[in-house]
Amino acid sequence: MAVVDAHRFAESITCHAWSPDHSMVALCPNNNEVHIYKSSQDQWERLHVLEKHDQIVSGIDWSSKSNKIVTVSHDRNSYVWNLEGGEWVPTLVILRLNRAALCVQWSPKENKFAVGSGAKTVCICYYEQENNWWVSKLIRKRHESSVTNVAWHPNNILLATTSTDGKCRVFSTFIKGVDTKDPKAGSPAESKFGEQILQLDLSYSWAFGVKWSPSGNTLAYVGHSSMIYFVDDVGPSPLAQSVAFRDLPLRDVLFISEKMVIGVGYDSNPMVFAADDTGIWSFIRYIGEKKAASSGSSYSSQFSEAFGKFYGQSKSATANDASESSKSRGGVHDNCINSIVPLNKAGSLKVMRFSTSGLDGKIAIWNLENMEEELGQQF
């Protein structure tokens with residue numbers, strides 16, 4: 001596996017998203033602007049600067065079908081941007097929030113988008129044709145703290161959220177006149193708007209990134225306690241697994257297939273997790289690491305080793321060890337990776353390429369074509 005391209009766009013990047021044909025990228029350079037770059041002959045040219053927000057832009061998503069960009073910011077506002085005559089024209093979305101908007105994602109059908117916020121609220125926004133504006137319905141009084149991430153189920157109805165209260169939740173976002181009923185009678189998709197389908201209390205620390213598998217049968221999310229959680233059979237009787245690892249916590253996660261997941265975070269290098277034939281998930285290795293991690297080592301021994309290093313060495317030695325470890329893994333990023341975005345073709349269930357952005361101001365594009373050969377297993 002190799003990095004196709006890695007480019008530093010700014011001192012720091014808070015979030016990024018790609019155009020439908022993956023020729024342009026929209027990113028926030030840790031301020032109130034959104035910069036749009038286009039790749040041309042191995043060079044990146046800045047085409048547009050979207051200036052409408054008053055504070056840091058915390059979330060960007062670029063729709064693959066309608067070519068619309070949605071942005072959210074700490075200023076509690078959201079804008080939907082349409083390309084008209086070569087210029088991006090913003091439309092304000094009234095979110096009715098009293099705290100910062102933290103994340104945003106278009107639904108699979110792109111007729112809605114979800115916004116997570118520091119107001120313990122999720123906004124489900126949709127376009128009202130009669131009045132020619134974007135409106136929002138709020139899911140309130142469910143979260144006990146900030147909503148850090150949102151993820152749409154492939155059915156366009158269910159929405160998973162993570163929060164700094166340590167919980168992952170699944171809600172129904174069915175809106176009459178916008179969504180159509182699921183043909184399966186009694187399915188969770190028929191629940192009324194805002195109804196909580198599931199609450200997962202697996203993490204005892206902040207929960208960050210969350211994603212559904214391509215089929216929607218498995219849910220994965222990450223916690224600040226250096227753990228990743230996998231949930232099958234989402235519903236009244238879910239099957240949950242927790243995988244602990246000895247390194248720094250993850251911030252975001254991405255399914256590249258039904259049986260393989262990439263996690264990114266504070267260790268500055270993507271991590272690979274995979275499920276065996278029995279459905280048991282485990283940590284495989286870091287991307288770029290030549291030797292796979294030993295499956296026989298237990299978490300307790302790994303923790304003891306880390307604990308001993310923490311108390312038995314000086315600060316400078318620990319920093320040097322971390323630097324050497326990062327080099328040995330072939331790390332591209334120099335700081336925390338805060339987002340991972342798929343670059344798969346429309347309709348494909350496998351993600352063969354993805355991009356990562358981080359606090360080092362870099363965006364890296366990764367190619368997974370040789371993944372199966374390197375790991376010796378199919379995904």
Side-chain angles (χ1 to χ4, degrees), residues 9-10 12-40 44-97 100-117 122-138 149-152 156 159 173 175 178 338-343 346 355 357 361 363:
F9 291 89
S12 180
I13 294 175
T14 58
C15 49
H16 76 286
W18 292 89
S19 63
D21 61 359
H22 303 151
S23 65
M24 294 184 288
V25 62
L27 60 93
C28 171
N30 198 33
N31 58 21
N32 64 325
E33 299 174 348
V34 174
H35 295 183
I36 298 179
Y37 288 83
K38 183 178 179 63
S39 176
S40 176
W44 289 95
E45 178 187 2
R46 191 169 73 180
L47 300 180
H48 306 277
V49 177
L50 310 186
E51 299 176 287
K52 199 66 179 176
H53 290 287
D54 298 326
Q55 297 182 30
I56 289 177
V57 176
S58 49
I60 305 171
D61 200 13
W62 200 326
S63 63
S64 60
K65 300 173 185 175
S66 56
N67 195 37
K68 290 183 173 66
I69 298 175
V70 60
T71 60
V72 296
S73 165
H74 289 184
D75 62 10
R76 302 170 294 169
N77 289 327
S78 172
Y79 289 94
V80 175
W81 302 79
N82 292 278
L83 188 61
E84 299 178 5
E87 295 294 329
W88 288 97
V89 179
T91 301
L92 178 64
V93 183
I94 305 298
L95 298 179
R96 295 176 288 160
L97 295 175
L102 301 178
C103 54
V104 64
Q105 188 179 52
W106 286 103
S107 67
K109 293 183 179 179
E110 298 179 7
N111 58 348
K112 301 181 290 186
F113 61 87
V115 178
S117 73
V122 178
C123 306
I124 307 300
C125 307
Y126 60 98
Y127 191 72
E128 203 171 67
Q129 295 282 354
E130 298 150 358
N131 298 312
N132 193 28
W133 60 14
W134 288 88
V135 296
S136 63
K137 295 189 70 173
L138 307 187
N149 215 322
V150 293
W152 286 96
N156 205 70
L159 181 77
T173 67
I175 300 175
V178 177
N338 51 25
S339 67
I340 178 170
V341 177
L343 291 171
S355 65
S357 65
I363 292 181

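Below, each value reflects all heavy atoms present in this structure, side chains not excepted, and no hydrogens, waters or symmetry copies. Along the sequence shown, residues carry numbers from 1.
Considering CD1 of Ile69 and CH2 of Trp106, their distance stands at 10.0 Å, rounded to 0.5 Å. Summarising the geometry, atom NZ belonging to Lys112 is positioned 8.5 Å from atom CG belonging to Leu159; distances are rounded to the nearest 0.5 Å. Taken from OG in Ser63 to NZ in Lys68, the straight-line distance is 6.5 Å, to the nearest 0.5 Å. From Ile60, atom CD1 reaches atom SG of Cys28 across 6.0 Å, with rounding to the nearest 0.5 Å. Between atom CH2 of residue Trp88 and atom CD1 of residue Ile36 there is a gap of 5.5 Å, rounded to the nearest 0.5 Å. Between atom SG of residue Cys123 and atom CG of residue Leu95 there is a gap of 4.5 Å, rounded to the nearest 0.5 Å.
Side chains of Ile124 and Phe113 form no contact here, defined as non-hydrogen atoms less than 4.5 Å apart. Contact annotation: the side chain of Leu27 never approaches that of Val34 to less than 4.5 Å [non-hydrogen atoms, C-beta and beyond]. Trp133 has its side chain out of reach of Val93: every pair of non-hydrogen atoms, C-beta onward, lies at least 4.5 Å apart. Two residues are said to be in side-chain contact when any heavy atoms from C-beta on lie closer than 4.5 Å; Tyr126 and Ile175 meet this criterion. Within the 4.5 Å cutoff, no side-chain heavy atoms of Thr71 are placed close to those of Val104. At a threshold of 4.5 Å between non-hydrogen side-chain atoms, the residues Pro20 and Trp62 count as touching.
Legend: side-chain hydrogen bond (donor to acceptor under 3.5 Å, both in side chains) pairs involving residues 17-28, not counting sequence neighbours, sorted by first then second residue: Trp18-Ser355, Ser19-Asp21, Asp21-Ser23.
The side chain to side chain donor-acceptor pair (under 3.5 Å) test applied to His35 returns Glu33, Arg46, not counting sequence neighbours. Ser117 pairs by the side-chain contact (heavy atoms from CB on, under 4.5 Å) definition with Leu97, Ala119, Thr121, not counting sequence neighbours.
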* Working for ring-ring contact (aromatic ring centres under 6.0 Å, His included), residues Trp81 and Trp134 -> CA-CA 12 Å; Trp81 302 79; Trp134 288 88; over 10 Å; no
* To do: Kindly determine whether Val25 and Ile363 satisfy side chain to side chain contact (heavy atoms under 4.5 Å, CB included), including the steps that lead there.
  => CA-CA 10 Å; Val25 62; Ile363 292 181; 3.9 Å; yes
* Hey, mind stepping through Thr91 and Asn82 against side chain to side chain contact (heavy atoms under 4.5 Å, CB included) and telling me if it holds? -> CA-CA 8 Å; Thr91 301; Asn82 292 278; 4.3 Å; yes
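Distance alone, capped at 3.5 Å, places no donor-acceptor pair between the Lys137 side chain and the Thr173 backbone. Under the 3.5 Å distance criterion, the side-chain polar atoms of Glu110 are matched with a main-chain donor or acceptor of Lys65. With hydrogens and angles ignored, the 3.5 Å screen pairs a side-chain donor or acceptor of Asp75 with a backbone N or O of Asp54. Checking side-chain atoms of Asn149 against main-chain N and O of Leu102 turns up no donor-acceptor pair under 3.5 Å.
For the residue pair Glu45/Ser39, the side-chain donor-acceptor check at 3.5 Å is not satisfied. Under 3.5 Å, the side chains of Asn32 and His53 contain no donor-acceptor pair of N or O atoms. For the residue pair Asn111/Ser107, the side-chain donor-acceptor check at 3.5 Å is satisfied. In summary, the side chains of Asn30 and Thr14 do not present any donor paired with an acceptor at a separation below 3.5 Å, with no hydrogens or angles considered.
For the residue pair Gln55 and Ser73, the shortest heavy atom distance occurs at O-OG, 3.0 Å. A pairwise comparison of heavy atoms in Arg96 and Ser136 identifies NH2-O, 2.6 Å as the closest pair. A pairwise comparison of heavy atoms in Ser339 and Ser357 identifies OG-OG, 2.6 Å as the closest pair. Between Val115 and Cys125 the shortest heavy-atom distance is CG2-SG, 4.4 Å. The heavy-atom pair separating Tyr37 from Trp44 by the smallest distance is CB-CE3, 3.9 Å. Annotation for Ala114 and Val150: closest pair O-CG2, 3.9 Å, computed over non-hydrogen atoms.
Open room surrounds CD on Glu87; 12 or fewer heavy atoms of other groups in view lie less than 6.0 Å from it.
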